[in-house]
Amino acid sequence: MDLSALNREQKTAVETLEGPVLILAGAGSGKTRALTYRTANLIFSGVDPKNILALTFTNKAAREMRARIVSLVGDRAHQAWISTFHSACARILRRDADKLGYTGAFAIYDDDDQASVIKEILKRFGIDDKFIPHGEIRSIISDMKNKLMDADEWFAVSKKDFYAQRVHDVISEYEVRLKTLNAMDFDDLILNTLVLFADHPPVLQSYRDRFHYVLVDEYQDTNAAQYRLVHALTAANGNLCVVGDDDQSIYGWRGADIRNILDFEADYPNAVTIRLEQNYRSTANILSAANGLITRNVGRKAKTLWTEESAGDPIRLFYAGDEREEAAWVCDQIRKLYKTDNSYGSVAILYRMNAQSRVLEEMFMRAGIPYRVFGGIRFYDRKEVRDIIAYLRVIVNPNDDISLRRIINEPKRSIGDATIGDLSEYALKENCSLFNTLYHIPQTLASRPRRCVAEFAALMDKLLAARAEMTLTQYVQRVLDDTGLLNMHRTEDTEESRAREGNILEFLSAVAEYEKAQAGATLEDFLENIALVTDLDRAADSNEFVTLMTLHSAKGLEFPYVFITGFEEGIFPNARRSTEEKDIQEERRLCYVGITRAMKKLFISHAEKRMLHNQLSHNPPSRFLDEIPKHLILDEIGAQSFSFGAKDIQRKATVNPRTGYTSMGFPRAILRDPYLPAGAANLTRGIAASAARAFSTGVLQSLFAPGDRVLHKKFGEGNVTGVTGTGSDARIRIAFTAYGEKEFLLAIAPIVKVLE
DNA sequence: GAATAAATTGTTTTT
DNA sequence: CAATTTATTC
């Protein structure tokens, strides 16, 4: 095959097909290209695609790899297993679930479902959630499973005090409960596959016979269970190729063990190690910044990224007064970028915590910049969507009490907590599922609740019977109709209910889309798909939206322009983390990941004060700022970058000598005074007015013009008929269809521009 | 006993 | 500041 597009190291990677191979691939070093070429090369060399297993961490990575291999070798590449760890394990478990005491229809529980199970147990055991918070249990369970322990083994290494004893009881019960619910959590998928392999050697052997070549992407993020899985499959022939970058290991908190990659050569003494160190992504300045930062970490694999690219622009740093100003600056910069690039898709805003997105979103909405937030609340996590899913889950797996509880009184059918309590108690006593009690209603129930429960049971009967007759999409539509879930929102007619209805319809189209893509797909397939898919995977690469996401979700992606916001001690590095060197190093790697996402320009911002956890905090600049070589940074304080032609105003404006904020951020003072009157306190009315005039190209004044369509929080959509006044006195007149013409203070009106 | 209104409380990162 | 828990009304 034609390898002319590859450099020397990439060629070596592509041509080393047999035996253990470690590819240390720095950020932007053409890792995906090397991997796909290597897999294609395997197939060209006569390896049957069926014998190839490629494991990734995200569906997006899997999909991309599959598509690129298909483009190299054609459709037969589809016979290779290219999937995430979790999907591959789910697939293996579906086939042999009965060997482990589950049925093939087992549900996959996310952390929300997990929390429900744990809460239920805590309640039953009479343990106060404050004594042992359910979140605490959840992380212990996950931690324990990632380390391949069971409840007893966990207890053996714990403090063995009263607290640990109670935790142990809850965990043990959790395991029992999950099995009766016929459900597995995410960690179970990996762990139970290992159990299956350990207890049923012929099953393991069949997979060993099948997968002659195994490839693992992002190997630095594997935990003990995943490590064990990979090695169980490859122990016989050792044809294992792992790719990773120890500098990008950012999932230690999830059990990822960086030693897996650091010790690979010790695990496989005959391993071939290949280093990809030439970076094709970023400018030299961005790369120097990343290198300068990451060299502070110790215990790394020796590796230095280099590039043939020119230096490029300096890194832009902005010191904002608060988070709103920070967001306004980001908007400002994006407008400038848009003027040259004519695209919003080349921009990404990265932050440490999902909570940071809110202020950015508000400002983007006001500025009319189209954006999309990834992560945070997943589409499938929305209440109304979860409700439908719960119905479908119960239909597929009647043992799923957790889902049944969710929907038994949704929409309202007069089955309240008391009735549900009675039913659960009865189920516990009879040792049967909650679903079962619907058909054997306990005698203790009064006649009214009894009738309501019987009605619900009849509904479920009808739905179960209808399933065989129709296609997936038709069936989901039927469930929505018969349960009244859709109607419930339709009749309500509020802004919120309309949004919920929209989400339900979107869900329905997701079902249709899935059915179209996977011919003959069953309801079980679809449920598994949505359990393992994330919003990030749904992301269509688009030119029309600015991307907002956490630094964690940005791994593996690249953007021409990258903003990292909230560069403050306490946020990044995060205060929730210990100050132990180990934790700081992982935060530093996270920072390294963020910086190396940028191709052309990198923007960093921090704020003097910000609202955090609902209270005002003052955070010093992030220590990581000092670790980026000074000469690479262009500090916006002192380097006025706004061309508003309002120099006279700047001279008059009061300057905060420490932050330089009022003077340099002057146009923004106008922008932000609506939100924060205190920020404009330094300005006299006259200055504010003339600044607003000078600010004619700025955000606020030009944002709304007569003829614009806007959406008001209370009055709905309307047309702008006029904008008068300046600065914080600016007023906007809007004609609403239902409410007539009204005038608002532009500054505080809860309005956003409606994009056509 | 169920539905609704008011009060409270806790927030890192994710397959 | 939302999502859950607790008090109040129906």
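Every chain is numbered from 1 and lettered A, B, ... according to where its sequence line falls, protein lines coming before strand lines.
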To the nearest Å, give me how far apart NE2 (A:H552) and C1' (B:dT12) are.
8 Å
Between B:dT12, B:dA3, B:dT15, which nucleotide has the shortest distance from any of its atoms to the side chain of A:T84?
B:dT15
For the pair made of CG in A:D417 and P in C:dT4, what is the distance, rounded to whole Å?
14 Å
Can you measure A:R138 atom CZ to B:dT12 atom P for me and round it to whole angstrom units?
11 Å
Rounded to whole angstroms, how far apart are CD on A:E361 and P on C:dA2?
11 Å
Is A:W253 stacked on the base of B:dT12 when the test is centres under 5.5 angstrom and planes under 30 degrees?
no
Check this one for me: any side-chain N or O of A:N409 less than 4.0 Å away from OP1 or OP2 of B:dA3?
yes
Check this for me: does any side-chain nitrogen of one of A:R413 and A:E455 sit under 4.0 Å from a carboxylate oxygen of the other?
no
Please work out which of the three classes, parallel, tilted or perpendicular, describes the rings of A:F85 and A:F57, given edges at 30° and 60°.
tilted
Does B:dA2 have its OP1 or OP2 closer than 4.0 Å to a side-chain nitrogen or oxygen of A:T419?
yes
A:R382 has an atom CZ; how far is it from atom C1' of C:dA3, in whole Å?
16 Å
For a quick check of understanding: with a heavy-atom distance under 4.0 Å over all strands, which category does A:D187 fall into, base, sugar-phosphate or nothing?
nothing
Are any non-hydrogen side-chain atoms of A:F526 and A:V396 less than 4.5 angstrom apart?
no
Within the structure shown, what part of the strands sits under 4.0 Å from A:F85 by heavy-atom distance: base, sugar-phosphate, or nothing?
nothing
Pair A:R296 + A:E581, salt bridge at N-O below 4.0 Å
no
Between B:dT11, B:dA2, B:dT14, spot the one nearest the side chain of A:R448, thanks.
B:dA2
Would you indicate what A:S87 reaches in the nucleic acid, counting non-hydrogen atoms under 4.0 angstrom: base, sugar-phosphate, or nothing?
nothing
Remember a base hit wins even if backbone is also touched, and classify A:D111 as base, sugar-phosphate or nothing at under 4.0 Å, heavy atoms.
nothing
NZ/NE/NH1/NH2 to OD/OE distance under 4.0 Å, A:K31 and A:D217
yes
Could you check how far CG of A:L532 sits from C1' of B:dT14, rounded to whole Å?
13 Å
Pick the nucleotide of DNA chain B nearest each of A:R254 and A:I415; which residue has the one closer to the 5' end?
A:I415
Check every atom of B:dG1, B:dT12, B:dT15 against the side chain of A:R577 and return the nucleotide holding the closest atom.
B:dT12
Between A:E587 and A:P449, just flag the one whose closest nucleotide in DNA chain B comes earlier from the 5' side.
A:P449
With the side chain defined as heavy atoms from C-beta on, A:S414 is closest, among B:dG1, B:dA3, B:dT14, to B:dA3
Rounding to a whole Å, what distance do you find between A:M549:CE and B:dT14:C1'?
13 Å
Kindly point out which of C:dC1, B:dT12, B:dT14 is positioned nearest to the side chain of A:R358?
C:dC1
Taking B:dA2, B:dA3, B:dT13 as options, the one with an atom nearest any side-chain atom of A:K412 is B:dA3
Mind calculating the distance between CZ (A:F186) and C1' (B:dT15) to the nearest angstrom?
6 Å
Output yes when at least one side-chain N/O atom of A:N354 is less than 4.0 Å from OP1 or OP2 of B:dT13, else no.
yes
Taking only side-chain nitrogens and oxygens of A:T550, does any of them come within less than 4.0 Å of OP1 or OP2 of B:dT14?
yes
P gap between B:dT11 and C:dT6, integer Å
16 Å
Are A:D113 and A:R386 ion-paired here, with the side-chain N under 4.0 Å from a carboxylate O?
yes
